Q: 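The following block contains the structure, expressed as structure tokens.
All of these numbers come straight from a predicted model, not from anything done at the bench. Chain letters run A, B, ... following the sequence lines, proteins first, then strands; residues in each count from 1.
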Amino acid sequence: GNSVTQMEGPVTLSEEAFLTINCTYTATGYPSLFWYVQYPGEGLQLLLKATKADDKGSNKGFEATYRKETTSFHLEKGSVQVSDSAVYFCALSHQAGTALIFGKGTTLSVSS
Amino acid sequence: DTAVSQTPKYLVTQMGNDKSIKCEQNLGHDTMYWYKQDSKKFLKIMFSYNNKELIINETVPNRFSPKSPDKAHLNLHINSLELGDSAVYFCASSSGGGTYEQYFGPGTRLTVT
């Protein structure tokens, strides 16, 4: 079946450090891939997405590239800020109108 | 200009009670969803509706009953609440036409005592 695996957290970084959160997936065909972010006490916000192989999604300094050969969609940011502290979820969807399948989430804590 | 809204944000109730959570979206989307987030932050689909028709009905106790009066609203009614129902419940919506992303509400934190 379809599944998403994320690196275990928490990830603790100092401000301006480089961030990578690993995400790999198992799926048949070509799913769409997403990163969502959940700030403390809030709902999930779509951070970025990619719909086909080699697409790069980007938003707010975050980037992720859809790698079909390694079934990966790793999230990166060159210089994190304290305000980036949140839980990050990798997710996939096979078809419009179907459920998102989420990874377990990775908690990021950035200190000044 | 809230896109997906839920009420209430917090719900504290006793075991055995019946409660409802309401969700509304003003995005003009055709499909709405309920997800449950457990204490370890894991998110899992419960239900989805497309134009008021039930599409996804995961293995959820039949104490949970979704209702969609129109395509902008999806409510969740829970009967005979149990301790294990304590979680955060998120409503989401998406449009059709090949776009896959979903937009989430702020969540309802349900605590059963």
Q: Need one label for K44(B): side chain, backbone, both or neither, based on atoms under 4.5 Å from any heavy atom in chain A.
A: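 Answer is neither: K44(B) stays 4.5 Å or more from chain A.
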Q: Heavy-atom distances under 4.5 Å only: say whether L100(A) touches chain B with side chain, backbone, both or neither.
A: both
Q: Identify which part of Q6(B) has an atom lying under 4.5 Å from any heavy atom of chain A, answering side chain, backbone, both or neither.
A: neither
Q: Do Y35(B) and F64(B) share a hydrophobic cluster, counting only Ile, Leu, Val, Met, Phe, Trp and Tyr and linking them when any side-chain heavy atoms are less than 4.5 Å apart?
A: no
Q: Using a 3.5 Å distance criterion without hydrogens, assess whether the side chain of Q102(B) forms a donor-acceptor pair with backbone atoms of T98(A).
A: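 At least one qualifying donor-acceptor pair exists.
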Q: Output the option from P31(A), S32(A), G105(A) having the highest count of non-hydrogen pairs under 4.5 Å with chain B.
A: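 Option with the top pair count is S32(A).
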Q: For L43(B), is it the side chain, the backbone, both, or neither that has a heavy atom closer than 4.5 Å to a heavy atom of chain A?
A: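 For L43(B), heavy atoms of backbone and side chain both lie under 4.5 Å from chain A.
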Q: Test of understanding: clusters of I, L, V, M, F, W, Y form through side-chain heavy atoms closer than 4.5 Å, transitively. Do Y10(B) and L44(A) belong to the same one?
A: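 They do not share one cluster, since no chain of ILVMFWY contacts under 4.5 Å joins Y10(B) to L44(A).
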Q: Which residues, numbered in order, of residues 104-113 of chain B come under 4.5 angstrom of chain A by heavy-atom distance?
A: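 Result: F104(B), G105(B), P106(B).
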Q: Taking C-beta and beyond as the side chain, do Y103(B) and Q45(A) meet within less than 4.5 Å on heavy atoms?
A: no
Q: Indicate the atoms forming the closest heavy-atom contact of Q37(B) with F89(A), along with that distance.
A: NE2-CZ, 3.5 Å
Q: Is it the case that one hydrophobic cluster holds both F62(A) and L46(A), taking links as side-chain heavy atoms less than 4.5 Å apart, direct or via other members?
A: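 F62(A) does not cluster with L46(A).
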Q: Indicate the atoms forming the closest heavy-atom contact of I56(B) with A99(A), along with that distance.
A: CD1-N, 3.6 Å
Q: Provide the closest heavy-atom pair for F42(B) versus F102(A) in the form atom of the first, atom of the second, distance.
A: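 The pair with the smallest heavy-atom distance is CE1-O, 3.8 Å.
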Q: Let me confirm one number: the OH-CD distance from Y36(A) to E101(B), rounded to the nearest 0.5 Å.
A: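 It comes to 6.5 Å.
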Q: With rounding to the nearest 0.5 angstrom, report the NZ to NZ distance, K104(A) to K41(B).
A: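 That separation rounds to 15.5 Å.
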Q: May I ask whether L54(B) and M46(B) are part of the same hydrophobic cluster, defined by side-chain heavy atoms of I, L, V, M, F, W, Y residues being less than 4.5 angstrom apart, directly or through others?
A: yes
